[in-house]
Amino acid sequence: MSRVFSGIKPSGSVHLGNLLGALRNWVDLQDRAETVYCVVDLHALTAPQDPAELRASTLSLTQMLVAVGLDPDRCTLFVQSHVHEHSECAWLMECTAAFGELRRMTQFKDKSDQAGFVSGGLFTYPALQAADILLYDTDEVPVGEDQRQHIELTRDIAERFNSRYGDTFVVPEAVVPPAGARVMDLQQPDNKMSKSEDSPQGSISLLDEPAAVEKKVKRAVTDSDGEVRYDVEAKPGVSNLLSILGAATGRGPAEAAEGIERYGDLKAATAEAVIEMLRPIQARYHDLADDPAETSRLLAVGADKAAEVASATLERARHNIGLLGR
Ligand code: TYM
């Protein structure tokens with residue numbers, strides 16, 4: 001059975017891009033693979049965090065993942081910092097990745113241009129991500145388009161390690177969905193959708209009330225040409241709405257355009273599809289949020305299951321690279 005691993009950062013609210021680009025695939029893969037999913041709190045530390053808020057968002061993100069459809073009986077769901085092998089393996093990855101490779105990561109370039117404080121961790125972040133993936137002998141990594149470059153780097157690191165020190169790691173593949181892999185900001189359709197804290201009107205949080213979703217979609221930037229047609233280059237705003245409508249209703253974006261002639265109708269149909277998709281997720285989330293002790297319990301079970309696999313892989317890597325055993 002193939003092994004799947006993926007992660008999501010607990011910084012800010014979970015948004016529609018996370019759901020359509022990654023989380024829906026995470027849920028579906030539970031039926032046909034051995035799945036391991038991680039709330040990557042160490043990755044959130046690359047930017048300064050409020051400690052109490054970080055703890056709260058780690059818990060609430062876990063609840064959201066269960067609300068979206070992860071079943072802790074069928075997948076391994078855990079918090080990255082609970083399995084110390086991630087940080088240890090990250091050092092081996094940092095020493096296997098080339099400085100030039102890390103410098104070429106577009107996410108580092110984008111984020112370091114925007115951030116006031118650029119931590120060393122922001123630069124070495126992809127090495128920690130490689131450790132996350134490789135510790136689980138992962139075959140497939142379900143992610144949105146923006147993570148493709150990090151998965152390519154993970155493959156290069158695994159291949160280099162294997163050729164230097166002998167067969168150690170499985171070389172993984174990215175799994176990117178055909179629709180929804182790159183959901184764009186509703187106000188700036190040339191930028192990808194990111195957390196609503198950074199773009200309150202451009203991002204739809206999975207916890208947005210129906211009225212908020214309607215308002216944001218209604219105000220989404222389109223263009224003055226008036227034709228409902230999928231053309232990302234010429235019509236990024238309209239195309240983004242078509243992608244969202246398509247992904248929310250199980251169709252491709254061009255197919256979603258059929259029968260819709262006016263922007264107003266496109267927006268109404270998109271808002272309705274999103275609201276209906278979020279309704280059951282929000283209901284489950286609110287039930288789970290009432291019981292944080294149960295969430296902590298399931299995370300403890302998840303960390304034990306994860307550590308079993310991670311410690312065996314790390315031991316193999318430690319040995320192969322030449323660290324002396326005790
Ligand atoms: P993160 O937390 O930014 O995002 C989680 C997942 O959501 C996807 N995503 C999107 N998909 C479509 N459209 C968007 N606008 C959009 N925004 C985000 C991301 O591609 C991702 O799949 N570095 C990772 C977390 C990570 C990880 C890992 C992922 C750490 N270790 C190991 C895979 C495997 C990140 O910051 O994702």
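All values reported here derive from a predicted model rather than from experimental measurement. Numbering of residues begins at 1 and proceeds along the displayed sequence. Both ligands and their constituent atoms are indexed starting at 1 by order of listing.
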**Request:** Please indicate whether Q49 has more than 12 foreign heavy atoms, meaning atoms of other residues, nucleotides or ligands, lying under 6.0 Å from its CD.
**Result:** yes
**Prompt:** How about E294: does its CD atom have over 12 heavy atoms from other parts shown lying under 6.0 Å from it?
**Reply:** yes
**Complete:** Output for ligand 1, non-hydrogen cut-off under 4.0 Å, lists F5, S6, G7, I8, K9, H15, G17, N18, G21, A22, V40, H43, Y125, Q129, D132, I133, V141, V143, G144, D146, Q147, G180, A181, R182, V183, K192, M193
**Asked** Got S13 and L206 here, is their nearest side-chain heavy-atom distance under 4.5 Å?
**Response** no
**Message:** Would you say that L16 contacts M277 through its side chain, given a criterion of any heavy-atom pair below 4.5 Å between the two side chains?
**Reply:** yes
**Prompt:** Do the side chain of E85 and the main chain of A312 share a donor and acceptor less than 3.5 angstrom apart?
**Reply:** no
**Prompt:** Can you say whether the rings of Y125 and H43 are parallel (under 30°), tilted (30 to 60°) or perpendicular (over 60°)?
**Reply:** perpendicular
